[in-house]
There are 2 protein chains.
Amino acid sequence: MEKPLILITNDDGITAPGIRELINIMNEIGEVYVIAPDKPQSGMGHAITINSTLRVEKIALDQGPQQEWACSGTPVDCVKIAINQILPKKPDLCVSGINHGSNSSINVIYSGTMSAAIEGGIEGIPSIGFSLCDYSFNANFKAAKKYIKSITENVITHKLPEGVVLNVNIPKADEKQLKGIKICRQANALWEEEFDKRIDPKGKTYYWLTGKWSNLDKGDDTDEWALTHNYISIVPVRFDMTAFHFLEKIKQWNLNL
Amino acid sequence: MEKPLILITNDDGITAPGIRELINIMNEIGEVYVIAPDKPQSGMGHAITINSTLRVEKIALDQGPQQEWACSGTPVDCVKIAINQILPKKPDLCVSGINHGSNSSINVIYSGTMSAAIEGGIEGIPSIGFSLCDYSFNANFKAAKKYIKSITENVITHKLPEGVVLNVNIPKADEKQLKGIKICRQANALWEEEFDKRIDPKGKTYYWLTGKWSNLDKGDDTDEWALTHNYISIVPVRFDMTAFHFLEKIKQWNLNL
């Protein structure tokens with residue numbers, strides 16, 4: 001059987017330890033093409049570059065069979081240009097990450113890592129975003145390795161339904177602590193924003209956006225629950241965002257004049 | 001009864017004709033605070049500014065009772081800083097737009113206008129994104145005015161369920177052509193990307209991202225259908241992106257090692 005063609009990207013940038021680890025894992029599974037941002041792009045959400053130019057440069061960062069390109073754009077740009085300009089054919093799989101930091105719950109919507117996976121899904125490619133709940137540059141990805149491999153092989157075997165991608169989050173835990181995998185729903189949580197207000201050297205005000213994570217969800221079937229209990233969470237994510245449960249109700253509003 | 005406090009933002013920037021029109025309409029309904037980007041931010045998706053500073057400047061662009069601030073950040077930043085630093089209290093409503101160009105179907109995920117409305121929803125504020133299917137700077141917003149007012153008043157009266165915001169798209173049509181409002185689901189459509197490959201003056205390659213809109217959805221209950229038939233489309237949008245229909249199936253995968 002031919003090896004699957006795997007596209008790898010991320011939002012922390014092509015030199016981040018998380019994507020280097022993901023490349024090592026995917027080299028064991030398929031033929032790997034890396035097209036990732038040339039600089040960190042965290043918090044970029046589903047941004048695309050429409051009023052500026054894009055550049056792509058072939059590079060060789062580590063030894064290995066993978067082929068690599070650094071792209072000046074966002075994670076979503078990387079997926080688009082990979083498919084349209086770089087890959088020899090449509091990939092069999094798109095994996096994004098391993099993100100340094102959690103993309104659980106509502107983070108799915110702010111995350112460049114998950115947006116790249118969602119873009120893969122929009123293009124009809126089975127896609128997975130992987131994140132480790134550890135922001136540290138020296139995060140330890142070791143305990144997660146066999147699970148990432150197993151999830152990936154399952155996606156290759158079973159495929160994913162149209163319109164669905166996977167959001168995989170891995171707790172900060174060592175091999176002994178890690179309890180396995182839970183299939184979850186997205187927790188109802190949010191960032192309660194806080195702004196650090198400062199004065200610049202010219203006397204003008206500026207702000208740093210910060211925030212406090214707030215989990216409003218008491219359920220034990222959520223990704224937040226799984227992660228705090230040392231399980232890897234998998235949330236299947238759909239990008240048809242229609243609130244189907246509200247369609248009939250809003251049709252009863254008195255809207256037409 | 002006290003007038004509702006209305007937060008207005010957009011992604012085309014605070015000087016765009018679309019937001020000026022929306023300010024005029026909302027001045028008839030409530031007490032208006034405008035916090036919008038100081039420059040165009042189209043295609044920014046749900047991007048937030050986490051590695052850089054933010055600035056907000058009080059300005060007065062047009063006469064009228066509204067109060068206005070220009071913000072250096074993305075549309076989502078605008079909503080966050082408005083709520084946390086500028087508004088006297090949590091707003092009763094957040095409206096975003098009127099966007100110059102369609103945000104129907106999958107555009108909901110790329111759009112800064114819709115991301116601002118979704119951020120309002122995440123923060124528990126009834127929120128609506130308005131877009132006109134006309135990219136022109138001189139687009140005619142006149143025919144849409146009474147519908148925008150009616151939709152807004154309905155949202156104030158009925159509120160919206162937790163986790164739901166509205167994506168309203170208005171076809172390019174005059175008052176006679178405009179047929180009314182349809183409640184719709186998000187069409188299954190996508191941008192088939194194309195890249196315009198060019199050579200810079202130094203001989204190096206660069207790209208412009210462009211794309212061809214491709215509607216794969218034959219349904220007559222979609223926003224795409226409504227818009228091409230001269231109806232205003234309203235899609236209720238949810239930001240719990242869990243693919244609930246796939247949860248039971250994926251639980252049967254052989255994932256735990």
Side-chain angles (χ1 to χ4, degrees), chain A residues 40 42-51 53-56 77 80-81 84-85 106 108-110 115 118 122 146-147 150-151 154 158 161 164 180-181 183 185-186 188 190 193-195 197 206-209 234-244 246-247 250-251 253-257, chain B residues 40 42-51 53-56 77 80-81 84-85 106 108-110 115 118 122-123 146-147 150-151 154 158 161 164 180-181 183 185-186 188 190 193-195 206-209 234-244 246-247 250-251 253-257:
Chain A
S42 298
M44 282 306 281
H46 213 93
I48 49 175
T49 303
I50 48 178
N51 290 314
T53 59
L54 287 170
R55 293 187 184 264
V56 187
D77 291 332
K80 284 184 174 287
I81 207 161
N84 190 262
Q85 292 287 324
I106 197 68
V108 66
I109 226 163
Y110 300 100
S115 292
I118 289 171
I122 293 171
K146 64 178 180 182
Y147 292 100
S150 161
I151 293 165
N154 266 275
H158 297 288
V164 175
I181 292 174
I183 307 298
R185 65 173 172 83
Q186 176 183 323
N188 177 18
L190 80 165
E193 66 271 350
E194 289 170 354
F195 285 86
K197 190 174 176 176
Y206 68 100
Y207 301 88
W208 288 101
L209 170 59
I234 302 183
V235 177
V237 168
R238 59 163 211 177
F239 42 84
D240 177 348
M241 295 176 76
T242 310
F244 287 101
F246 186 55
L247 280 177
I250 191 176
K251 281 179 185 169
W253 287 12
N254 188 20
L255 283 164
N256 276 306
L257 306 170
Chain B
S42 299
M44 282 306 281
H46 213 92
I48 50 175
T49 303
I50 48 178
N51 290 314
T53 59
L54 287 171
R55 293 188 184 261
V56 186
D77 291 332
K80 285 182 173 288
I81 207 161
N84 190 262
Q85 292 286 324
I106 196 68
V108 67
I109 226 163
Y110 300 99
S115 292
I118 289 171
I122 292 171
E123 310 251 357
K146 64 178 180 183
Y147 291 100
S150 161
I151 293 165
N154 266 276
H158 296 289
V164 175
I181 292 173
I183 307 299
R185 65 174 172 84
Q186 176 183 323
N188 177 18
L190 80 165
E193 66 272 350
E194 291 171 353
F195 285 86
Y206 68 100
Y207 300 88
W208 289 101
L209 170 59
I234 302 183
V235 176
V237 168
R238 60 163 210 177
F239 41 85
D240 177 348
M241 294 176 78
T242 310
F244 287 100
F246 186 55
L247 280 178
I250 191 175
K251 281 180 184 168
W253 287 15
N254 188 21
L255 283 165
N256 275 306
L257 308 170

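Just so we're on the same page: letters track the sequence lines, and every chain starts at 1. Keep in mind it's a predicted model, so treat the numbers as computed, not measured.
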Identify which part of [X] has an atom lying under 4.5 Å from any heavy atom of chain B, answering side chain, backbone, both or neither.
| X | value |
| --- | --- |
| A:T53 | both |
| A:Q186 | both |
| A:I234 | side chain |
| A:Y147 | both |

I'd like to know which of A:T242, A:L247, A:V237, A:I250 tops the heavy-atom pair count under 4.5 Å against chain B.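 Maximum pair count with chain B is reached by A:T242.
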
Out of A:D77, A:I50, A:I122, A:T49, which one racks up the most heavy-atom pairs below 4.5 Å with chain B?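 Looking at each of A:D77, A:I50, A:I122, A:T49 in turn, A:I122 comes out on top.
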
Determine the interplanar angle of the B:Y110 and A:H46 rings, folded into 0 to 90°, and report it as parallel if under 30°, tilted if 30 to 60°, perpendicular if over 60°.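 Ring orientation of B:Y110 relative to A:H46: perpendicular.
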
Let's test your reading of the structure: which of [options] forms the most heavy-atom pairs below 4.5 Å with chain A?
| options | value |
| --- | --- |
| B:H158, B:K251, B:E123, B:M44 | B:H158 |
| B:W208, B:F246, B:Y207, B:F239 | B:Y207 |
| B:N254, B:I151, B:V56 | B:N254 |
| B:L190, B:N84, B:I118 | B:N84 |
| B:I109, B:L209, B:V235 | B:I109 |

Any side-chain heavy-atom pair from [X] and [Y] closer than 4.5 angstrom?
| X | Y | result |
| --- | --- | --- |
| A:Y206 | B:L54 | no |
| A:D240 | B:N188 | no |
| A:K80 | B:F195 | yes |

Please classify the contact of B:E193 with chain A as side chain, backbone, both or neither, using a heavy-atom distance under 4.5 Å.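 Answer is both: backbone and side chain atoms of B:E193 are under 4.5 Å from chain A.
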
Can you say whether B:V108 sits under 4.5 Å from chain A via the side chain, the backbone, both, or neither, judging by heavy atoms?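 Just its side chain gets close to chain A.
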
Nearest-0.5 Å distance that lies between atom CD1 in B:I106 and atom CE in A:M241: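 So the gap between those two atoms works out to 9.0 Å.
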
Residues which pass side chain to side chain contact (heavy atoms under 4.5 Å, CB included) with B:S150, listed by chain and number, not counting sequence neighbours: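 Once residues adjacent in sequence are excluded, the partners of B:S150 under the side chain to side chain contact (heavy atoms under 4.5 Å, CB included) criterion are A:L255, A:L257, B:N154.
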
